[in-house]
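Worksheet: the structure to be examined is printed underneath.
Nothing here was measured: the structure is a model prediction, and the numbers come from that model.
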Amino acid sequence: MKETINFLSAPCEIAVRKYVPSIRASIAIVLVRDYGLSIYRAAKLLKLTPAAVSNYLLKRRGGDYIDTVLNDAELYGMVSKMAEQIISGNIDEKRIPLYICDICRKLRLKVEPKPVVPETPC
């Protein structure tokens with residue numbers, strides 16, 4: 001699904017629609033696949049419904065970048081560390097958006113084309 005982006009859209013506004021769902025899905029997948037949590041336990045920890053976690057696991061929801069996050073060593077490490085902290089209860093809920101923001105920045109750097117700066121005639 002190709003979406004049009006308003007030229008007045010802020011970078012974070014774009015990221016919330018385009019990248020953050022894939023990060024959420026990746027966290028749910030890591031919790032279930034790598035840490036062996038049930039869908040119900042993962043849903044409770046993430047404050048989601050079991051149906052939402054199931055849809056993330058089946059990649060019905062979560063955007064186009066789930067595989068990018070899970071297959072990139074740096075991004076996967078960040079998601080895995082966050083999942084580990086969520087499981088242990090060793091995470092400050094107020095800092096979760098900041099962790100997601102860090103992951104989002106790294107993801108954007110990896111998937112967005114670099115702007116081409118034209119040479120100046122001087």
Working for side chain to side chain contact (heavy atoms under 4.5 Å, CB included), residues Asp34 and Tyr76:
CA-CA 11 Å; Asp34 299 353; Tyr76 174 78; 2.2 Å; yes
Restricting to salt bridge (charged side-chain N to carboxylate O under 4.0 Å, His left out), what partner residues turn up for Glu84, sequence neighbours left out?
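Salt bridge (charged side-chain N to carboxylate O under 4.0 Å, His left out) list for Glu84, sorted by chain: empty.
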Side chain proximity check, Val69 to Met78, heavy atoms < 4.5 angstrom
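When only atoms from C-beta onward are counted, Met78 and Val69 do not touch, as no gap falls below 4.5 Å.
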Sub-4.5 Å side-chain heavy-atom contact between Leu48 and Tyr56
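The answer is yes; the side chains approach within 4.5 Å.
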Within this structure, what is the [atom1]-[atom2] distance for the pair [X] and [Y], rounded to the nearest 0.5 Å?
X      : Y      : atom1 : atom2 : value
Ile87  : Met82  : CD1   : CE    : 12.0 Å
Tyr99  : Gln85  : OH    : CD    : 4.5 Å
Asp102 : Leu107 : CG    : CG    : 12.5 Å
Tyr19  : Ile100 : OH    : CD1   : 16.0 Å
Cys101 : Arg108 : SG    : CZ    : 9.5 Å
Lys94  : Asp92  : NZ    : CG    : 6.5 Å

How about NZ on Lys44, more than 12 heavy atoms from neighbouring residues, nucleotides or ligands closer than 6.0 Å, or not?
no
Ignoring hydrogens and geometry, is there a side-chain-to-backbone donor-acceptor pair from Asn71 to Asp67 under 3.5 Å?
yes
Any salt bridge linking Asp64 with Lys18? Criterion: basic side-chain nitrogen under 4.0 Å from a carboxylate oxygen.
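So Asp64 does not pair with Lys18 through a salt bridge.
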Can I get a per-line list of side-chain donor-acceptor pairs under 3.5 Å for residues 22-33, giving both atom names and the distance, sequence neighbours left out?
from  : atom 1 : to    : atom 2 : distance (Å)
Ser22 : OG     : Gly62 : O      : 2.5
Ser22 : OG     : Tyr65 : N      : 3.1
Ser26 : OG     : Ser22 : O      : 2.7

Please name the pair of heavy atoms, one in Ala43 and one in Pro50, separated by the smallest distance, quoted to 0.1 Å.
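Smallest interatomic distance, heavy atoms only, reads CB-N, 3.6 Å.
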Who passes side chain to side chain donor-acceptor pair (under 3.5 Å) against Ser54, sequence neighbours left out?
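Once residues adjacent in sequence are excluded, Ser54 has no partner under the side chain to side chain donor-acceptor pair (under 3.5 Å) criterion.
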